[in-house]
Asker: 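Can you read through this structure? Questions will come right after.
The sequence lines fix the lettering, A, B, ..., with proteins before strands; numbering per chain opens at 1. For the numbers below, each heavy atom of this structure counts, side chains included, while hydrogens, waters and symmetry mates do not.
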Protein chains: 2
Amino acid sequence: MLWTVDPASPTPLFEQLATQVRRSIVDRTLVRGEKLPSAKELAASLEINLHTVLRAYQTLRDEGLIELRRGRGAVVIADDPGLVNLHLMADELLAEAGRLGLAHEHVVELLEGRRA
Amino acid sequence: MLWTVDPASPTPLFEQLATQVRRSIVDRTLVRGEKLPSAKELAASLEINLHTVLRAYQTLRDEGLIELRRGRGAVVIADDPGLVNLHLMADELLAEAGRLGLAHEHVVELLEGRRA
DNA sequence: ACCTATTTGTCCGTATGTATG
DNA sequence: CCATACATACGGACAAATAGG
């Protein structure tokens, strides 16, 4: 899998792992339907705790990238995690704005206002 | 606080707690700026583990309902559920764009391009 | 139909780190 | 400097769902 984590890094281990899995999905190293290593295996491989791997997996599940099933493991469900997902999120954002009666420009302004 | 959890319920303790806090926000029992009890206190009060309370709090933070700060505690930030939710979705959209390496303006353009 | 191993889900406990006041 | 409070990580335990024999 060529995934590694750095205990000395200020970024949490579970976040490091989640980021690497995301990258693997984005660059097609992992594709839809593919199975991830079991948390136990991966934990042993990375020399981190089982729970840390599970937390990374659960984070990815909350993001809609993988599916977790007891006894079955973790499976990639993201098809195109890139622009397709971004457009989906934009859809939802605009739909929500519509429910609130906000005009399209208001949403654009809202995002412009978030330019850090 | 009149919050309770039922260890015998099939729904997880942290989810039970998160749901009750959500209800308190929705029905204005808790309003913006109000401080929630510290995780330690609440855990002792509900006779559950500190981490279980923290997990509930972190879930609510991920939903944009409360803010967590080290040394300070948990504070309600939701005021208008609708608008807050919109900001949550904008957060997620921008975060996703960030993961894809897309600049802020690209997201703005993407939304502008969706003017029906 | 049964049993067993695997795998995730949750909870508890402990320890350490980091930011706040 | 010190107490408080959340953040993360590790470890152990048990439950629940799945898969396979």
Side-chain angles (χ1 to χ4, degrees), chain A residues 1 3-22 25 30 33-78, chain B residues 1 3-22 25 30 33-78 91 95:
Chain A
M1 279 296 175
W3 290 333
T4 56
V5 290
D6 174 20
S9 166
T11 68
L13 296 178
F14 82 92
E15 186 57 42
Q16 291 181 47
L17 178 55
T19 296
Q20 300 201 44
V21 176
R22 280 188 213 106
I25 294 176
L30 285 176
E34 199 156 357
K35 191 178 173 303
L36 274 66
S38 81
K40 187 181 175 184
E41 283 175 357
L42 190 49
S45 160
L46 296 176
E47 294 179 318
I48 60 180
N49 192 274
L50 165 69
H51 296 100
T52 304
V53 177
L54 284 176
R55 184 167 180 184
Y57 277 9
Q58 286 164 1
T59 298
L60 296 167
R61 178 199 55 193
D62 292 346
E63 293 172 2
L65 298 183
I66 67 176
E67 186 185 56
L68 297 178
R69 301 280 288 271
R70 286 172 174 158
R72 220 155 77 90
V75 178
V76 177
I77 60 175
Chain B
M1 281 296 172
W3 290 332
T4 56
V5 290
D6 174 21
S9 167
T11 69
L13 295 178
F14 82 91
E15 187 57 42
Q16 291 181 46
L17 178 56
T19 297
Q20 301 201 42
V21 177
R22 280 189 213 104
I25 294 175
L30 284 176
E34 200 155 356
K35 191 179 175 301
L36 273 66
S38 80
K40 187 181 175 184
E41 284 175 355
L42 190 50
S45 157
L46 296 176
E47 296 180 317
I48 60 179
N49 193 273
L50 166 69
H51 294 96
T52 304
V53 177
L54 285 175
R55 185 167 180 186
Y57 278 9
Q58 287 165 358
T59 298
L60 295 167
R61 178 200 56 193
D62 292 346
E63 293 172 0
L65 299 184
I66 69 175
E67 186 185 56
L68 296 178
R69 301 282 286 271
R70 286 171 173 156
R72 220 155 68 92
V75 177
V76 176
I77 58 175
D91 280 342

Asker: Counting heavy atoms from C-beta on, name the nucleotide in D/dC10, D/dT18, D/dC6 closest to the side chain of B/Ala39.
Answerer: D/dC6
Asker: State whether A/Arg72 places a side-chain N or O below 4.0 Å from either non-bridging phosphate oxygen (OP1 or OP2) of C/dT8.
Answerer: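 Indeed not, no polar side-chain atom of A/Arg72 lies that close.
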Asker: What are the two closest non-hydrogen atoms of B/Ala56 and B/Ala18, and how far apart are they?
Answerer: CB-N, 4.1 Å
Asker: Using side-chain contact (heavy atoms from CB on, under 4.5 Å) as the criterion, point out the one residue from A/Ile48, A/Val53, A/Leu36, A/Val21 that pairs with A/Leu42.
Answerer: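 With A/Leu42 as partner, side-chain contact (heavy atoms from CB on, under 4.5 Å) holds for just one option, A/Val53.
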Asker: So, OP1 or OP2 of C/dG9: does either fall under 4.0 Å of a side-chain N or O from A/Arg61?
Answerer: yes
Asker: Start at the 5' end of DNA chain D and walk down; is the nucleotide closest to B/Ser38 or to A/Glu15 reached first?
Answerer: B/Ser38
Asker: Looking at the base of D/dA9, is there any donor atom on it, or on the side chain of B/His51, that sits under 3.5 Å from an acceptor on the other one?
Answerer: yes
Asker: If you only use heavy atoms from C-beta on, which nucleotide in D/dC6, D/dT18, C/dG9 is closest to the side chain of A/Leu68?
Answerer: C/dG9
Asker: Starting at the 5' end of DNA chain D, which residue's closest nucleotide do you reach first, A/Thr11 or A/Arg69?
Answerer: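 Residue closer to the 5' terminus by nearest nucleotide: A/Thr11.
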Asker: Does a nitrogen or oxygen in the side chain of A/Gln58 sit under 4.0 Å from OP1 or OP2 of C/dT8?
Answerer: no
Asker: Select base, sugar-phosphate, or nothing to describe what B/Leu50 touches, counting heavy atoms under 4.0 Å on all strands.
Answerer: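 Contact class for B/Leu50: none.
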Asker: Reckon B/Arg70 has a side-chain N or O less than 4.0 Å from the OP1 or OP2 of C/dT20?
Answerer: no
Asker: When the distance from CG of A/Leu17 to C1' of D/dA9 is rounded to whole Å, what number comes out?
Answerer: 14 Å
Asker: Once you round it to whole Å, what is the distance between P of C/dC11 and CG of B/Asp6?
Answerer: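 Value for this atom pair: 12 Å.
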Asker: In whole angstrom, give the distance that lies between atom CD of B/Glu67 and atom P of D/dA5.
Answerer: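 So the two atoms are 17 Å apart, to the nearest Å.
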Asker: Strictly below 4.0 Å: does B/Asn49 bring a side-chain N or O up to OP1 or OP2 of C/dG13?
Answerer: yes
Asker: Expressed as a whole number of angstroms, how long is the span from B/Leu54:CG to C/dT14:P?
Answerer: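 After rounding, the reported distance stands at 16 Å.
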Asker: For C/dC12, take OP1 and OP2 only and decide whether either is under 4.0 Å from a side-chain N or O of B/Thr52.
Answerer: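 Answer is yes, contact under 4.0 Å.
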Asker: Tell me if a side-chain donor or acceptor on A/Gln16 pairs with a main-chain N or O of A/Thr4 at a distance below 3.5 Å.
Answerer: no
Asker: Can you establish whether the number of heavy atoms outside B/Lys40 located under 6.0 Å from its atom NZ is more than 12?
Answerer: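 At most 12 heavy atoms, drawn from other residues, nucleotides or ligands, come within 6.0 Å of this atom.
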Asker: In whole Å, what is the span from the CG atom of B/Leu42 to the P atom of D/dT4?
Answerer: 18 Å
Asker: State which of D/dA9, C/dT10, D/dC6 makes the closest approach to the side chain of B/Phe14.
Answerer: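 Nearest listed nucleotide: C/dT10.
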Asker: Atom CZ of A/Arg55 and atom P of D/dC10: how far apart are they, to the nearest Å?
Answerer: 12 Å
Asker: Whole angstroms only, please: what is the CG-C1' distance between B/Leu13 and C/dT10?
Answerer: 8 Å
Asker: Could you give the OH-to-C1' distance, from B/Tyr57 to D/dT8, as a whole number of Å?
Answerer: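 Interatomic distance, OH of B/Tyr57 to C1' of D/dT8: 19 Å.
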Asker: What is the distance from atom CD of B/Gln58 to atom CZ of B/Arg55, rounded to the nearest 0.5 Å?
Answerer: 9.0 Å
Asker: Can you give me the closest heavy-atom contact between A/Pro7 and A/Leu13, atom names plus distance?
Answerer: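 Nearest heavy atoms, A/Pro7 then A/Leu13: CA-CD2, 3.8 Å.
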